[in-house]
Structure formats: structure tokens, C-alpha cells
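Everything below concerns the one structure shown next.
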Amino acid sequence: MNIQLYDTRTQTLCALEPVRPGAVGIYVCGPTVQSAPHIGHLRSALSYDLMRRWLSARGLEVTLVRNVTDIDDKILVNAETTGEPWWALAYRVEREFSAAYDALHVLPPTYEPRATASIQRMQLIIERLIERGHAYPAADGSGDVYFDTASWPEYGALTHQRREDMVDAADADPRGKRDPRDFALWKGHKPGEPETASWASPWGAGRPGWHIECSAMSTQYLGETFDIHGGGRDLRFPHHENELAQSAAAGFEFARIWVHNGLVSVGEQKMSKSLHNSVFAADLLGSAPAQAVRYFLGSAHYRSTLEYSATAIEEARRAVERINGFVARAAETLAGEVPEAAVPDEFAAAMDDDLNVPQALAVLHERVRAGNAALATGDLDGLRSAAGEVSAMLQVLGLHPDDYRTDAQAESGLEQALDVLVQQRLHERAAARQQRDFSTADRIRDELTEAGVTIEDTADGAKWSING
RNA sequence: GGUGGAGUGGCCGAGUGGCGAGGCAGCGGCCUGCAAAGCCGUAUACGCGGGUUCGACUCCCGUCUCCACCUCCA
């Protein structure tokens, strides 16, 4: 096995050499559940879902921990706006995220810890940092505790910045910091903030700072040394830099490989609330098939910026249709007897090479083409081989059409009812064609097309399908 | 100012020092009553200027443009 991943810290492709042979621990920065998920969140989750699926396919026992940060400044602020208790908002948003992940067939992580359930361990780490001289309670009596960046020579190691080059935030509130670059590990409770957002601590009641929760949750479940830490590119600084500094200063070896997924842009700009260009998960999944959305999100390498457009989604939909068409025809021709198969070597090589999914998709399409060709020439052995490999690749990519047949569709009886009605029309059309009454035949086809039903004439008669 | 990344054919998007991934769209052909689907074939390319090399889109230097982070952000 020779799996390579690009590591942000060393800026090189690293061979994955698990801390525990045969097993891999991955920690992914999940969302701060402050507002609705957008397509960028989906892309991030999908990137690590693909990583997890591939490492599993390679025989590794994967432990994937993706946190939910459910206490944070923004959550408190947004809850004030909506009038909900902050914890109700956090949970409501968390469920929106889960629904979007499920729709995309992002597998549930091994565990999904919430920040609010890890306060004790955060405090333990903060205490340790104070003991070691890398953190200090604010002198202003605010109850805040800060990480002392000056005490940590390696500060900036992840993002290759020198501490002295860092521009101080113009609008940062210095409060009790010794240096503007110091960051909060613990925030003292302030009058007016909900009592429910306050936990007792050796430094007074308060709540955690933004970065400490990840140091606590990752090491809690994966150990003080673990294999892979992932997150969005925009989290490199300050979040991951601070997370690394406080973890290392606390004496943890921490993550071996730091992986960062690229962002989704709209109109060549990053999606952001202030630009009002966010594409929300619910809207997107409501307007395009989940399978196509998943394909689209995987169509660029995970580290590249991915440009969103309605056209791109439509192209993904077409590509997926092509794949689904082959899978359906192959299953029918083989009477469902699609053999189990391994993924092709080229596919495996692409995935091993820093999860080159676009390259892997090229292999998938090549096999689909070969399968279609086999179908056209009646080469059943070739068809079986291609169908098996295609199926295996689709499983790894989470794109198998069988997974996307919704239960509602299958169980409601709608499909059967529609089939009866469409078959009646197809019989009429077949009769008309037999009499060479093509205008009647075409009228029937046009009517069905108008209704969103596509007709294909095959050697076995007409087939129908719903336009994606 | 610092740090990281990108500029590839109509569009999206991989990649490599030397037979131009893949998808979508296009064109020609096969199939079809006509379509659809599929198959076969096919055009269009590597921001710009130098350099290294037998040969560079790929390496080096310079240059232009764009994006991200340095403030909450996947």
C-alpha cells in the first residue's frame, strides 16, 4: 500500500504511515452550528468521506471523528436575533447539517462529539498550558485565559509565517492580552450572556475559546498522536495554527498529516455571507439530484478551488445519467448478475495519489464506455467485467445509483402506478408504429416527453425513464 | 506588507520533460421510420517574455492577472 497525502505543514506529499498499523485516525473540523449549511460545508464533508471510504477500501480500519462546535460567539449572537435559546439554535442547525450529509450519502463519522460535552477536557488542557508557562489568566480580572504566543517559538509552523510578520487585527479587542497575537483559551462569563452558556472553571465561570475544543476532542478520541487532521483551507489560520500551537505546547505530538480541502467559489469569489452569494445545501439539494451534486463536488481535486455554477451542476447531472444508463442496461442484460470485482489498478493508483478523484472519474468513464461497447457488440464477458468494475468504483465514490433510489419512490407505489400508465401509452405507440402511423407514434412520444418521461427504443422494445 | 494557491481547448477540469486525461457542449459516421440512448471518428490548449534541453504545457528566471488567509468562516 502506498497512499500519499499532501501535508500542509511540510508542504509535501507524505506517505501515510499509520501510528497504529492497519488503523487510521482522522479528525475533521466539523461545522460551528451557527447557521444553515452551504455547498462549501458539503464539499468539505464529502472530501473526508471519500478519504474514509478509500482508506477503508484499502483495508484500513478508519476511525473518523468529526466534531460539532455548538458553543461559540456567533451562536450566541445569532440566537439573540432569532429569539431562540442558543442551544436550541445550535441543535436545530446541527440537524440541518446531518440532513444534508445524509442526502449526499456522506457516511456518518465514527463519532461526532459536541464541544459542550468536552468542557472538562478543555479545562484540563488549559491548566496544563498554564503550568507549562504557555498560557496565563488575564490580569484584568475578566476571567479570560490566553495562550501566550511569545512563549511558543514554533508558533506559525503550520502556515509558515513568522510571528513578527503577522498583522495585528485592527479591530481586535485586546482585553487582557499581553500581546495582540495571543488568543483566548477560555472566555470569562460576561453579564448579559446566558447562564446556560457558562461553565465553572478554576479561572471563574465562562466558556471555551474557539480553538481549544478541537484539541480536546481530537486527542480524547484519537489519542495524543493521530494520523490525519482535516478541514477547510480557510481554517489554516488562525484556527489550525492555534490548535497546533496549544496542542503541541501541552505536550501532544498531535496530528501527523494536516490536510486542507479547497473552497467553493461562486463567480470566481469565495462564497460568503457578506457577499450574499452563498449556495445553501437545502436549496441545491432541492433543485438537483443528490447524486449529481455529489458528482459535481468530486469533479475537482479536493485541494483545488471548485467553481460553482448552474451549468456545472447540469453537466454533472448529464454525466451521472450516462453512468446510471450503463448500470441499468448492464443489470438488465445480465439479469442482475453483476459480478463482484476489484476496482481497476488505474483507479486505485489515482486514489492512492492524494485522492485524485477527477482522475479516478476518468477511469470510471473509460470503463463505462468499454461496457457500453461490449453491450453494443453482445460481448457478455466484457460486459460482466466492465459492470463489476464500474460497480466497485461507484461504491467507493458513493455514487452507486442503487443508493439513490429513494425509499419514497420505491415504496409509495408511485413508480408502479406510473409504469402501468406509461406502458399503456407505449403499447398504443407500438401499435401505431407497426402500422407506420408515425405521426401518432411521435405525438405519444412528445406527450410523454412533455411530461418529463424519456422514451428510448431498444431491441427489446421501448423503455422509459424520468428525466433527472 | 507576510503566507498559501491558481492561470490548460466553447465550458468544467486532470496531468506529464517527448504517442494532446475525462465529462459536458460541437462536428462527421453507424444504428433508428425519425428521435433518444449507445458506439466509432474528429477539431480547438496549456497567461506573457526569456532561459536550460535534442525536445517544455511540464524545469529555471522574470513579468502580468486572479483567488484565499493574516478578522468569524468548510
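Chain letters run A, B, ... following the sequence lines, proteins first, then strands; residues in each count from 1. Everything quoted here is computed from the prediction, not taken from an experiment.
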Using a cut-off of 4.0 Å between protein heavy atoms and nucleotide atoms, how would you tag nucleotides 10-15 of chain B 5' to 3' with B, S and -? -B-SSS
Given protein heavy atoms under 4.0 Å, the one-letter contact record of nucleotides 30-36 of chain B, with B base, S sugar-phosphate only and - none, is simply ---BBBB
Let me spell it out: for each of A:Arg236 and A:Arg329, pick the nucleotide of RNA chain B with the closest heavy atom. Which residue's pick is nearer the 5' end?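 Looking at the nearest nucleotide for each, A:Arg236 comes out on the 5' side.
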If you find the nucleotide of RNA chain B closest to A:Val363 and the one closest to A:Val264, which residue's nucleotide is nearer the 5' end?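 The 5'-side residue here is A:Val363.
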Acceptor/donor pairs from residues 99-111 of chain A side chains to any protein atom, 3.5 angstrom cut, sequence neighbours excluded:
unit_1: A:His105; atom_1: NE2; unit_2: A:Asp403; atom_2: O; d: 3.1
unit_1: A:Thr110; atom_1: OG1; unit_2: A:Leu64; atom_2: N; d: 2.8
unit_1: A:Thr110; atom_1: OG1; unit_2: A:Leu64; atom_2: O; d: 3.4

Could you go through A:Ser47 and A:Asp49, starting from their C-alpha distance and side-chain angles, then the distance that decides it, and tell me whether this counts as side-chain hydrogen bond (donor to acceptor under 3.5 Å, both in side chains)? CA-CA 5 Å; A:Ser47 298; A:Asp49 185 56; over 6 Å; no
Pair A:Asp402, A:Tyr404: side-chain N/O donor-acceptor within cut-off below 3.5 Å: no
Establish, from distance only, whether the side-chain atoms of A:Asn78 and A:Glu84 form a donor-acceptor pair under 3.5 Å. no
Any side-chain N or O of [X] below 4.0 angstrom from OP1/OP2 of [N]?
X: A:Arg322; N: B:rG38; answer: yes
X: A:Gln11; N: B:rG4; answer: yes
X: A:His365; N: B:rG22; answer: no
X: A:Tyr6; N: B:rG5; answer: yes

A:Tyr221 OH: over 12 foreign heavy atoms closer than 6.0 Å: yes
Calculate the interatomic distance between [X] atom [atom1] and [N] atom [atom2]; express it in whole Å.
X: A:Met351; N: B:rA21; atom1: CE; atom2: P; value: 22 Å
X: A:Asn242; N: B:rU71; atom1: CG; atom2: C1'; value: 12 Å
X: A:Leu76; N: B:rC72; atom1: CG; atom2: C1'; value: 13 Å
X: A:Tyr27; N: B:rA74; atom1: OH; atom2: P; value: 12 Å
X: A:Phe237; N: B:rU3; atom1: CZ; atom2: P; value: 14 Å
X: A:Leu361; N: B:rG23; atom1: CG; atom2: C1'; value: 9 Å
X: A:Leu235; N: B:rU71; atom1: CG; atom2: P; value: 14 Å

Nearest 0.5 angstrom please: A:Leu364 CG to A:Ile323 CD1, how far?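 So the gap between those two atoms works out to 4.5 Å.
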A:Lys187 vs A:Asp73, test: salt bridge (Lys or Arg N to Asp or Glu O under 4.0 Å). Steps then yes/no. CA-CA 10 Å; A:Lys187 296 181 170 184; A:Asp73 291 351; 2.8 Å; yes
A:Arg303 NZ/CZ over A:Tyr6 ring centroid, <6.0 Å and within 45° of normal: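 Checked: cation-pi criterion met.
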side-chain contact (heavy atoms from CB on, under 4.5 Å) partners of A:Ala255, counting only residues at least two apart: A:Phe226, A:His229, A:Trp258
Would you please classify the geometry between the A:Phe147 ring and the A:Phe183 ring as parallel, tilted or perpendicular, with 30° and 60° separating the classes?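 Parallel.
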Under 4.0 Å, heavy atoms only, any strand: does A:Leu263 hit a base, just the sugar-phosphate, or nothing?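 Base, at least one base heavy atom under 4.0 Å.
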What interatomic distance, in whole Å, is found between P of B:rC67 and the corresponding atom of B:rU8? 14 Å
Tell me the salt bridge (Lys or Arg N to Asp or Glu O under 4.0 Å) pairs involving residues 384-397 of chain A, sequence neighbours left out? A:Arg367-A:Glu389, A:Asp381-A:Arg384
Listing for RNA chain B: consecutive Watson-Crick or G-U pair runs of at least 3, distance cutoff 3.5 Å, ranges ordered by first number, gives B:1-7 with B:64-70, B:10-12 with B:22-24, B:26-30 with B:38-42, B:47-51 with B:59-63
